[in-house]
Amino acid sequence: MTQETAEHVGALLRDARGQKGWTQGQLAAELGTSQSAIARMEQGKQNLSLKMIQRLESIFGRSIVKVGRPAMTHLRVEGGRTLSGAVDVNSSKNAGVALLCASLINRGTTTLRRLARIEEVNRIVEVLTSIGVECTWLNANDLQIRRPAVLDLDSMDVEAARRTRSVIMLLGPLLDESSEYRLPYAGGCDLGTRTVQPHMQALRQFGLSVDAKSGYYAVKAPPSDGHDRSFVLSERGDTVTENAIMAAAHRSGTTIIRNASPNYMVQDLCFYLQMLGVGIQGVGTTTLKITGRPAVDADIEYFPSEDPIEAMSLITAGIVTDSAVTIRRVPIEFMEIELATLEQMGQRLEVSGEYLARNGRTRLVDVTTKPSALRAPEDKIHPMPFPGLNIDNLPFFAVIAANAEGQTMIHDWVYDNRAIYLTELSKLGARVQLLDPHRIYVNGPTKWRAAEVGCPRHSAPPPACCWRCSPPGASRNCATST
């Protein structure tokens with residue numbers, strides 16, 4: 001078995017175990033082996049005999065060995081239809097990832113309810129499992145997390161860690177877990193280089209030492225102290241803020257973080273940590289005052305709030321198909337600029353009264369789209385840190401602008417190459433003019449047509465516009481990276 005094949009089989013084994021809701025320890029008991037042996041199998045570091053493969057396939061009721069490399073995900077969409085009905089927004093993926101990392105701070109049991117069970121979450125679960133954390137799916141979307149007294153950082157699943165950018169967020173909760181350890185380089189999608197320097201600058205305020213080596217970061221824990229500290233983040237990034245919050249949450253003393261992101265996933269993280277007894281003032285603002293709690297041992301459950309990005313994708317589907325649909329459980333605090341921009345473009349929306357999310361803090365509404373005559377906005381559409389238009393919602397406006405009368409400039413100043421990917425809409429009939437790697441003109445309205453397009457990551461805008469492709473029955477393939 002080649003190394004490549006072993007890693008492929010390991011990935012299939014992790015997936016099969018995850019779908020069954022078993023921990024590595026449970027699978028080890030079923031096979032009569034050790035958890036460390038299961039960890040090696042899943043990391044592709046141990047060859048499997050034919051007999052072992054047959055036992056695994058018998059246990060999971062599925063094939064473990066497959067020929068060829070993992071395939072791309074393909075979606076085939078038949079467009080030219082009007083949508084109707086109502087749909088609920090699911091919980092936030094970005095909040096879920098932060099909460100998974102933050103669960104390492106808690107020595108008790110954390111149960112995350114209605115967790116978004118998608119690839120990014122699965123990868124972090126794989127990383128946590130590999131270092132000894134018991135992650136048990138209680139049902140389709142509830143995850144129970146129990147960490148051991150000592151984490152086995154040397155056994156970290158390098159492959160899973162390198163397949164996600166979010167692994168960098170382990171630095172905060174692991175601040176003084178071990179005197180020295182290695183963290184694989186953060187990987188992820190192909191939307192351009194995003195520097196990790198802001199993370200390093202923030203964590204150096206706590207005394208953390210991180211040196212970049214070949215393929216990994218060499219981390220040295222800071223000495224224990226009860227000092228108060230105050231600092232300004234060089235970048236108001238969501239994950240940077242979360243890393244700094246998690247570092248402060250389990251350090252003695254009071255930490256003041258200025259220029260902090262007040263975005264939705266940051267607020268969810270703060271709400272969770274407050275339930276653990278961490279003192280946090282200023283949630284929803286750019287200045288956070290955190291009184292750390294070095295020893296946290298609590299059995300709690302937490303509901304991540306709804307995802308504004310998914311909400312925008314569903315609203316977009318209603319708009320581009322000229323449909324009357326209701327999107328329920330929209331986190332309005334993080335969608336106000338988006339809805340205001342849509343109304344400026346002539347989109348008619350009905351917005352319900354507010355009610356609270358299951359976390360008891362986030363404000364929700366129901367939004368109903370109405371068939372409308374859209375026009376290009378007078379000014380460009382561009383993202384800003386919260387409470388501005390969310391950077392992850394910007395691509396949806398390229399699709400919406402293609403349905404509007406006139407010319408719209410879309411300016412993505414954050415990602416290096418995402419504007420280039422938006423030119424894929426031209427294959428579907430949109431008139432998109434690339435100005436530079438950050439700006440495009442979109443000229444509408446568009447007579448959509450069926451075609452095959454590619455996405456740089458799991459992405460909703462192309463499928464959303466393809467619901468519009470006509471005539472009815474036309475189809476296209478959307479190849480997205482796994």
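Bear in mind that the values here come from a model prediction, so they are computed numbers and not experimental data.
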Pair Lys93-Glu310, salt bridge (Lys or Arg N to Asp or Glu O under 4.0 Å): steps then yes or no: CA-CA 9 Å; Lys93 177 271 289 185; Glu310 178 175 307; over 6 Å; no

Min side-chain heavy-atom separation Thr23-Thr129 under 4.5 Å: no

Side chain to side chain, Asn243 and Val240, heavy atoms closer than 4.5 Å: no

Note, Ile105 side chain near Met246 side chain (heavy atom, < 4.5 Å): yes

Leu435 side chain reached by Met409 side chain, heavy atoms, under 4.5 Å: yes

Short side-chain donor-acceptor distance under 3.5 Å, Thr326 and Thr368: yes

Arg236 atom CZ: more than 12 heavy-atom contacts under 6.0 Å: yes

Close side-chain approach of Asp176 to Arg251, heavy-atom, < 4.5 Å: yes

For residues 269-284, tabulate all N or O donor-acceptor pairs below 3.5 Å that involve a side-chain atom, not counting sequence neighbours.
{"residue": "Tyr272", "atom": "OH", "partner": "Thr110", "partner atom": "OG1", "Å": "2.8"}
{"residue": "Gln274", "atom": "OE1", "partner": "Arg361", "partner atom": "NH1", "Å": "3.3"}
{"residue": "Gln274", "atom": "NE2", "partner": "Ile280", "partner atom": "O", "Å": "3.0"}

Residue pair Asp366, Arg328: steps toward the salt bridge (Lys or Arg N to Asp or Glu O under 4.0 Å) verdict: CA-CA 4 Å; Asp366 299 338; Arg328 297 183 298 228; 5.8 Å; no

Side chain Asp307, main chain Asn90, donor-acceptor under 3.5 Å: no

All pairs passing side chain to side chain donor-acceptor pair (under 3.5 Å) where residues 334-351 contributes a residue, at least two apart: Glu338-Asn393, Gln347-Ser372

Ala402: partners by side-chain contact (heavy atoms from CB on, under 4.5 Å), with sequence neighbours left out: Ala430, Val442, Thr446, Trp448

Side-chain heavy atoms of Pro385 within contact of Asn263, under 4.5 Å: no

Arg117 atom CZ: more than 12 heavy-atom contacts under 6.0 Å: yes

Donor + acceptor pair across side chains of Asp157, Gln43 (<3.5 Å): no

OG-CG distance between Ser305 and Leu356, expressed to the nearest 0.5 angstrom: 11.5 Å

Side-chain donor or acceptor of Trp413 paired with backbone N/O of Met384 under 3.5 Å: no

Thr164 and Glu120: side chain donor to acceptor below 3.5 Å: yes

Selection residues 228-261 - residue pairs positive for ring-ring contact (aromatic ring centres under 6.0 Å, His included), sequence neighbours left out: Phe206-Phe231

side-chain hydrogen bond (donor to acceptor under 3.5 Å, both in side chains) partners for Gln201, two or more places apart: Ser234

Among Thr109, Asp299, Thr111, side-chain hydrogen bond (donor to acceptor under 3.5 Å, both in side chains) partner for Arg146: Thr109

Reported CD1-to-CD1 distance for the pair Ile410 and Ile381, which is rounded to 0.5 angstrom: 4.5 Å

Interatomic distance, Asn259 atom CG to Leu288 atom CG [nearest 0.5 angstrom]: 10.5 Å

Short side-chain to backbone donor-acceptor contact, Arg363 and Glu354, under 3.5 Å: no

ring-ring contact (aromatic ring centres under 6.0 Å, His included) contacts in which one or both residues fall within residues 361-391, not counting sequence neighbours: Phe334-Phe386

Donor-acceptor pair, side chain of Ser91 and main chain of Ala116, under 3.5 angstrom: yes

Any Met156 side-chain heavy atom under 4.5 Å of Leu170 side chain: yes

Min side-chain heavy-atom separation Leu339-Ile332 under 4.5 Å: yes

